[in-house]
Amino acid sequence: MDELYNPQKIEQEAQQYWEENNSFSVTEDPDKEKFYCLSMFPYPSGQLHMGHVRNYTIGDVISRYQRMRGKNVLQPMGWDAFGMPAENAAIKNKVPPAKWTYENIDYMRTQLKRLGFAYDWGRELATCQPQYYRWEQWLFTRLFEKGLVYKKSAAVNWCPHDQTVLANEQVVDGCCWRCNTPVIRKEIPQWFMRITDYAQELLDDLDKLKDWPERVLAMQRNWIGRSEGVEVYFEVPGHDQPLKVFTTRPDTLMGVTYMAVAAEHPLAREAAQGSEDITLFIARCETMDVSEASLETVEKLGMDTGLKAIHPVSGKDVPIYIANFVLMTYGEGAVMAVPAHDQRDWEFARKYDITIEPVVFPEDGSEPDLQQCAYVEKGVLRNSGEFNGLSSAKAFDAIAEYLEKAGKGQRQVHFRLRDWGVSRQRYWGAPIPIINCPACGPVAVPDTDLPVVLPEDVIVEGTGSPIKKMPSFYETTCPGCGGKAERETDTFDTFMESSWYFARYACADNDTAMLDERVNYWLPVDQYVGGIEHAILHLLYARFYNKLMRDIGLTEIDEPFNALLTQGMVLKDGSKMSKSKGNTVDPQALIDEYGADTARMFTMFAAPPEQSLEWSDDAVAGAHRFLKRLWKLGRSLHGEWAIDLEHASTANIPEAPYDWSNANEEQKAIRRKVHSHLRKANDDMERQQFNTVISAGMQILSTLTQPVPGHSGNSPEEVSQLGPVYKQIRHEGMSILLRMLAPIVPHIAHALWLKLGYSGVVISAPWPMVDTSALQLDEIEIVVQVNGKLRDRIKIPSDADNAAMEKRALASAKVQQHIEGKTIRKTIVVPGKLVNIVAN
RNA sequence: GCCGAGGUGGCGGAAUUGGUAGACGCAGUGGACUCAAAAUCCACCGGUUUCACAACCUUGAGGGUUCGAGUCCCUCCCUCGGUACCA
């Protein structure tokens with residue numbers, strides 16, 4: 001056996017074994033409990049980064065652990081292959097996005113294989129393949145027929161110089177990231193999916209997700225943002241349509257002193273006619289990117305249109321302002337403002353000297369100081385005519401009822417969630433399968449013409465998608481009337497592809513249907529693992545897509561992901577490792593120097609999975625040292641040291657062969673430690689805290705290698721003189737330790753397991769069991785406190801009752817010292833743990 | 001701005017239900033081995049006071065609840081993630 005730990009060699013051997021034996025390819029087996037473990041697939045950016053290593057190691061540890069627990073484990077892998085970086089690389093390097101992407105996939109696949117992940121590679125998919133995206137196009141046409149998709153105008157960031165749409169990320173300080181031209185907001189027609197039709201169900205079903213982190217559920221709940229309120233109609237003289245606004249505080253209606261509309265609102269446009277000031281102001285409002293963060297943090301600006309709305313109750317004139325923080329595409333593009341009871345309205349009113357009219361007052365009769373800030377609490381109404389004296393809650397109903405009776409409003413459930421805009425004016429994405437016919441309007445591409453294949457042999461420039469300039473792509477005939485028509489040249493948001501890949505893995509080879517009956521065996525995903533940055537958008541869209549697929553009869557489940565583990569970020573120098581920030585660490589160097597097991601172990605040991613992990617080059621060495629020590633012990637048990645496992649090798653049950661009847665107290669103490677560390681590791685494995693599983697493993701190794709009484713050293717020569725019981729202890733301990741660590745460092749575990757003498761491989765071995773008889777103790781140590789402060793530790797019989805514990809605690813000299821001259825008021829006993837004596 | 005997390009030694013972190021703060025590892029210091037170095041092994045390793053025994057302080061800051069708070073409550077500060085076209 002090799003003297004030195006040689007990760008490159010043993011990892012290659014283990015991986016070869018798995019490959020030759022198809023160890024991780026699975027099929028549906030109705031007799032076995034299935035376990036579908038899915039890690040979020042990567043964008044093929046070029047190389048794996050540490051975030052991938054962390055994500056995929058977590059998924060792999062869970063998969064291998066579940067396999068050792070006897071489950072039929074599916075762990076697939078694929079590529080989220082459409083996206084902007086391919087276009088950016090194409091512009092920079094003059095390489096077609098497809099070529100760049102497929103080359104990246106090939107390289108990253110070798111990196112994943114080098115890390116030894118237990119994937120069923122037979123199910124690999126890439127979302128840029130027509131055989132994948134054709135089904136998404138097919139589903140979209142079904143949804144088009146069902147009326148679940150529609151076209152409307154929506155704002156995008158537009159660079160007037162490059163004549164192109166910019167992503168929010170491509171807007172830096174309000175300017176284009178390439179040419180630094182100030183970005184403007186532009187409204188263009190786009191396709192939307194009616195996710196709001198599912199808002200209530202998406203909200204309600206969060207309650208079914210018992211094994212999701214509470215933080216993710218909370219974020220999703222707030223994102224969906226259900227609120228009950230009233231839609232109020234404000235008549236505008238000379239206009240047919242009233243100004244419609246939604247409010248959750250109809251009780252403050254009598255305090256409305258102005259209205260605010262978006263710059264794109266028809267009333268704003270109207271006011272601009274003949275007013276240069278307003279025209280300029282609207283232009284200024286449009287020079288802002290469309291992100292919510294900038295919308296909410298920008299300086300609030302407004303301008304009076306001179307137009308008036310009629311208050312629906314008082315009949316008074318209310319001035320209509322244009323405001324830069326109201327967006328046309330959210331809701332109705334207008335809001336009512338109550339400066340006395342809303343802080344943003346209050347600030348705006350102070351700035352533009354608009355009346356602040358208090359109508360809600362604290363119930364205790366006090367007067368809020370509206371010179372300081374708005375009074376936003378609920379209370380009792382005044383200055384509200386017939387509603388005076390009502391509480392906010394009662395006024396809500398009374399005013400809603402008044403408006404409904406008068407035809408000036410109606411109660412409404414409102415969601416913060418907006419419909420999902422899926423159009424992108426980009427090249428590297430799945431073409432939207434719609435044909436625009438001058439006679440028939442938008443028409444779905446018939447099934448027989450799917451997929452609409454994206455041409456891959458293109459040159460991408462900085463000014464718009466190449467397929468928009470390619471008549472061979474967009475010129476076509478209408479499937480309805482046969483006349484000349486044009487294809488949509490927009491492509492889908494890449495969140496479309498990542499919203500259903502989890503289901504496609506169950507039947508990735510099916511070329512006649514999107515999904516088949518195999519999804520009913522594998523779905524839902526039992527454990528989903530991915531970055532916390534996907535807590536809202538990706539997970540919400542995937543949940544939505546699952547419901548769409550269910551309602552079309554493709555799946556049977558309500559929710560796609562049973563349990564969710566959101567790993568923390570991998571940080572370097574305090575911020576997220578990302579290509580755009582240029583602070584990535586290439587894991588390849590780590591693998592080349594130390595091997596895959598060290599890389600895996602480091603990422604699992606450095607932090608618990610849900611916390612962020614600060615990268616440190618130095619800390620890797622400790623993980624590697626541990627593996628070297630593990631190798632050394634494994635080596636010492638090899639050869640003539642291998643225990644007789646004749647009867648164990650047939651059954652492959654490692655617990656079987658040991659006989660502890662001759663063990664002495666020291667030997668029992670070693671076993672007690674090993675099994676108590678194992679018990680800790682079991683608990684931690686179940687709650688997915690892998691760093692302390694490793695910590696327990698380190699302590700087992702250190703327990704096993706401690707010099708034993710009568711033997712000074714730990715060299716193989718000295719160890720070889722140990723008696724048969726010590727030999728058994730080490731063998732049992734190693735058998736436990738290797739299985740405990742096998743999910744985390746599978747290669748070294750594979751190699752050393754074979755040396756222990758078992759016939760099977762460690763991936764097929766069962767997870768180790770705690771021998772509870774090894775844990776028994778005659779005496780335990782408890783803590784004694786006086787007034788909550790630790791004063792002594794005493795040993796008591798393990799079966800001592802509370803009274804005995806108290807008696808022994810009071811007998812302690814140190815305790816006596818601290819209670820001298822005081823009266824004992826109370827004694828608290830925590831069985832088996834602690835006694836606290838309260839005295840003064 | 002809003003929503004969601006996090007803040008514990010020099011560093012990463014542990015403390016599972018309110019019950020011994022600092023497990024395990026990194027770095028550091030001292031020692032063994034060596035001609036020497038590397039590697040390896042052993043010991044020490046939060047702060048202040050003390051010859052010592054020991055005492056006191058300490059989980060971002062301030063307050064509260066409790067016999068007892070890193071853990072629960074309130075206020076504040078800082079960092080990170082998301083904020084709908086980065087994925």
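Computed from a predicted structure; not experimentally measured. Chain A is the first sequence line, chain B the second, and so forth, proteins listed ahead of strands; every chain is numbered from 1.
Between A:R687 and the phosphate of B:U17, there is no side-chain N or O to OP1/OP2 separation shorter than 4.0 Å. For A:N168, a side-chain nitrogen or oxygen approaches OP1 or OP2 of B:A84 to under 4.0 Å.
With C1' as the reference atom, B:A52 and B:C67 are 33 Å apart, rounded to whole Å. Going from the P atom of B:C73 to that of B:U65 covers 15 Å, rounded to whole Å. With both ends at atom P, the span from B:G9 to B:G47 equals 12 Å, rounded to whole Å. Using P as the reference atom, B:G63 and B:C80 are 28 Å apart when rounded to the nearest Å. For the C1' atoms, the distance linking B:G68 with B:C77 amounts to 28 Å, nearest Å. Spacing of C1' atoms, B:A27 relative to B:C78, comes out at 26 Å, to the nearest Å. Separation of the P atoms belonging to B:U8 and B:G4 is 22 Å when rounded to the nearest angstrom. Taking atom C1' on both nucleotides, B:C41 is separated from B:G60 by 40 Å, rounded to a whole Å.
Using a 4.0 Å cut-off between charged nitrogen and carboxylate oxygen, A:K92 and A:E87 do not count as a salt-bridge pair. The pair A:R687-A:E610 fails the salt-bridge criterion, with no side-chain N (NZ, NE, NH1 or NH2) lying under 4.0 Å from an Asp/Glu carboxylate O. Checked for salt-bridge contact, A:D490 and A:R424 miss the test: no charged N lies under 4.0 Å from a carboxylate O.
Checking B:G1, B:G81, B:A39 against every side-chain atom of A:E296, the shortest atom distance belongs to B:G1. In this structure, the nucleotide among B:G12, B:A15, B:U83 sitting nearest to the side chain of A:L537 is B:U83. Side-chain atoms of A:T692 lie closest to B:A23 of the nucleotides B:A23, B:A39, B:G13.
Note on A:F495: a base of the nucleic acid sits closer than 4.0 angstrom, heavy atoms only. Nucleic acid contact for A:W420: none, since no nucleic acid atom lies under 4.0 Å from a heavy atom of the residue. Within 4.0 Å (heavy atoms only), A:H534 reaches at least one base atom of the nucleic acid. Using a 4.0 Å heavy-atom criterion, one finds that A:P608 contacts the sugar-phosphate atoms exclusively. Heavy atoms of A:Q190 sit under 4.0 angstrom from at least one base atom. Within the nucleic acid shown, A:I837 has no heavy atom closer than 4.0 Å to any nucleic acid atom. Across all strands, A:V620 comes closer than 4.0 Å to no nucleic acid atom at all (heavy-atom distances). Among the heavy atoms of the strands lying under 4.0 Å from A:K680 is at least one base atom, whether or not backbone atoms are also near. Here A:A293 lies in heavy-atom contact (under 4.0 Å) with a base.
Taking A:T57 as the reference, A:V53, A:V61, A:F117, A:R600, A:T603, A:M604 meet the side-chain contact (heavy atoms from CB on, under 4.5 Å) condition, with sequence neighbours excluded. With sequence neighbours left out, the ring pair (Phe, Tyr, Trp, His ring centres under 6.0 Å) criterion links A:Y541 to A:W420, A:F495. Among residues two or more places apart in sequence or in another chain, the ring pair (Phe, Tyr, Trp, His ring centres under 6.0 Å) test is passed with A:Y43 by none. Under the side-chain contact (heavy atoms from CB on, under 4.5 Å) criterion, A:A681 pairs with A:V693, A:A696, A:M740, sequence neighbours left out. Applying the side-chain contact (heavy atoms from CB on, under 4.5 Å) test to A:D197 and every residue at least two apart in sequence or in another chain returns A:L148, A:R194. With sequence neighbours excluded, the residues that form a side-chain contact (heavy atoms from CB on, under 4.5 Å) with A:E781 are A:R793.
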Where do N or O atoms of nucleotides 5-11 of chain B meet protein N or O atoms at under 3.5 Å, pair by pair?
residue	atom	partner	partner atom	Å
B:A5	O2'	A:R215	NH1	3.4

Enumerate all atom pairs, one protein N or O and one N or O from nucleotides 25-34 of chain B, separated by less than 3.5 Å.
residue	atom	partner	partner atom	Å
B:C26	OP1	A:R625	NE	3.0
B:C26	OP1	A:R625	NH2	2.8
B:A27	OP2	A:R625	NH2	3.1

Distances under 3.5 Å between protein N/O atoms and the N/O atoms of nucleotides 66-77 of chain B, please, pair by pair.
residue	atom	partner	partner atom	Å
B:C67	O2	A:N836	ND2	2.4

Dump every N/O contact between nucleotides 54-56 of chain B and the protein below 3.5 Å, one line per pair.
residue	atom	partner	partner atom	Å
B:C56	OP1	A:R791	NH2	3.2
B:C56	OP2	A:R791	NH1	3.1

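Side-chain N or O atoms of A:Y501 include none that pairs as donor or acceptor with a backbone N or O of A:A126 at under 3.5 Å. In this structure, A:R629 contributes its side chain and A:T705 its backbone to no donor-acceptor pair below 3.5 Å.
Rounded to the nearest 0.5 Å, atoms CG (A:N157) and CE (A:M288) are 10.0 Å apart. Taking CG of A:L202 as the reference point, atom CZ of A:F544 lies at 7.5 Å (rounded to 0.5 Å).
Rounded to whole Å, atom P of B:A87 lies 13 Å from atom NE2 of A:H49. Whole-Å rounding puts the A:L417 CG to B:A84 C1' distance at 9 Å. To the nearest angstrom, C1' of B:A87 lies 15 Å from CH2 of A:W79. Taking atom CD of residue A:E87 and atom P of nucleotide B:C86, one finds them 13 Å apart after rounding to whole Å.
Between A:Q689 and A:S291, the residue whose closest nucleotide on RNA chain B is further toward the 5' end is A:Q689. Each of A:V830 and A:E292 was assigned the nucleotide of RNA chain B with the nearest heavy atom; the assignment lying further toward the 5' end belongs to A:E292.
In this pair, A:H534 and A:H538 present their aromatic rings perpendicular. The plane angle is above 60°, beyond the 30 to 60° band. Between A:F348 and A:F325, the ring-plane angle classifies as perpendicular under the 30° and 60° cut-offs.
Taking the six-membered ring for Trp and the full ring otherwise, the centers of A:F602 and A:H624 sit at least 6.0 Å from each other.
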Report, one line per pair, each donor and acceptor closer than 3.5 Å where one atom sits in a side chain of residues 829-840 of chain A; sequence neighbours left out.
residue	atom	partner	partner atom	Å
A:N836	OD1	A:N787	N	3.4
A:N836	OD1	A:G788	N	2.9
A:N840	OD1	A:R825	NE	2.7
A:N840	OD1	A:R825	NH2	3.1

| request: Return one dot-bracket line describing RNA chain B 5' to 3' (Watson-Crick or G-U wobble pairs, both distances under 3.5 Å; ( ) same strand, [ ] crossing, | another strand, . none). | output: (((((((..(((......[....))).(((((.......))))).((((....))))..(((((..]....))))))))))))....
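Environment of NZ in A:K468: crowded, with over 12 heavy atoms of neighbouring residues, nucleotides or ligands closer than 6.0 Å. Within a 6.0 Å radius of CD in A:E779, other residues, nucleotides and ligands contribute more than 12 heavy atoms.
A syn base is found at B:G9: its glycosidic angle is within 90° of 0.
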